[in-house]
Amino acid sequence: QQQVKQSPQSLIVQKGGISIINCAYENTAFDYFPWYQQFPGKGPALLIAIRPDVSEKKEGRFTISFNKSAKQFSLHIMDSQPGDSATYFCAASKYSSASKIIFGSGTRLSIRP
Amino acid sequence: ETGVTQSPTHLIKTRGQQVTLRCSSQSGHNTVSWYQQALGQGPQFIFQYYREEENGRGNFPPRFSGLQFPNYSSELNVNALELDDSALYLCASSTRGTGELFFGEGSRLTVL
């Protein structure tokens, strides 16, 4: 019940296209769903996060879509840019203990110029 | 605002040795969490410290231990190193009860 499953493992998108990464979770007690971005040689950095009281959250070119009944959520990157090339991790936790976060296995995103 | 800093950045040990990794938390943060990130994998939660006490632990054996100091900095100690302990060890600080983790750049441990 602690797993977070992420797909695809790798993704290549043309500049200006839409990048979509999907995640599924099992533990219905989870109520905090962040996405982290990691560049080579760096630690992960929070990109955007959602609580299950909303079905969508948008920040600039980044959007999280959340489907509570299906226990799935996804990250959409609009107008993808070469600078978005990084590894993206979805994650889940109980907000009250949000430091104990369960991460997905990651998606390596490459944006082709 | 000072970010999370970790030391050393890289180190090489041999099987059976012991290692200590250090972390200075971001200013104003009172909680430190440690994660292990194997190559090509997502970070895995090791444990969390709050007010100098362990406050939650992942699926790691007792040879992984830690400390948090009054200034909220922290150490991760690993005894009897095994080859599979080779990984990037990430420290993250946060404020208790909030969601966002602030990660350092990690300490890359290689066990030969």
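Numbered from 1 within each chain, the chains take letters A, B, ... in sequence-line order. Nothing here was measured: the structure is a model prediction, and the numbers come from that model.
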Atom CZ of B:Arg15 with >12 non-hydrogen neighbours under 6.0 angstrom: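 No, because the 6.0 Å sphere around CZ of B:Arg15 holds 12 heavy atoms or fewer from other groups.
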Could you tell me whether B:Asn59 atom CG has more than 12 heavy atoms of other residues or ligands within 6.0 Å of it?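 Result for CG/B:Asn59: open.
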Select, from A:Gly104, A:Pro44, A:Gly43, the one with the greatest count of heavy-atom pairs under 4.5 Å involving chain B.
->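 The residue among A:Gly104, A:Pro44, A:Gly43 with the greatest pair count is A:Pro44.
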Using a 4.5 angstrom heavy-atom cutoff, name the option from A:Gln6, A:Arg108, A:Gln9, A:Gln38 with the most pairs to chain B.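 Option with the top pair count is A:Gln38.
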Cluster link [X] to [Y], ILVMFWY, side chain under 4.5 Å:
X       : Y       : value
A:Tyr25 : A:Ile64 : yes
B:Phe47 : B:Val32 : yes
A:Phe62 : A:Ile50 : yes

Would you name the heavy atoms of B:Asn55 and A:Lys100 that are closest together and state the gap between them?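 Reported closest heavy-atom pair: O-CE, 3.0 Å.
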Any non-hydrogen side-chain atom of [X] less than 4.5 Å from a side-chain atom of [Y]?
X        : Y        : value
A:Phe89  : B:Gln37  : yes
A:Phe103 : B:Phe45  : no
B:Leu101 : A:Ile101 : yes

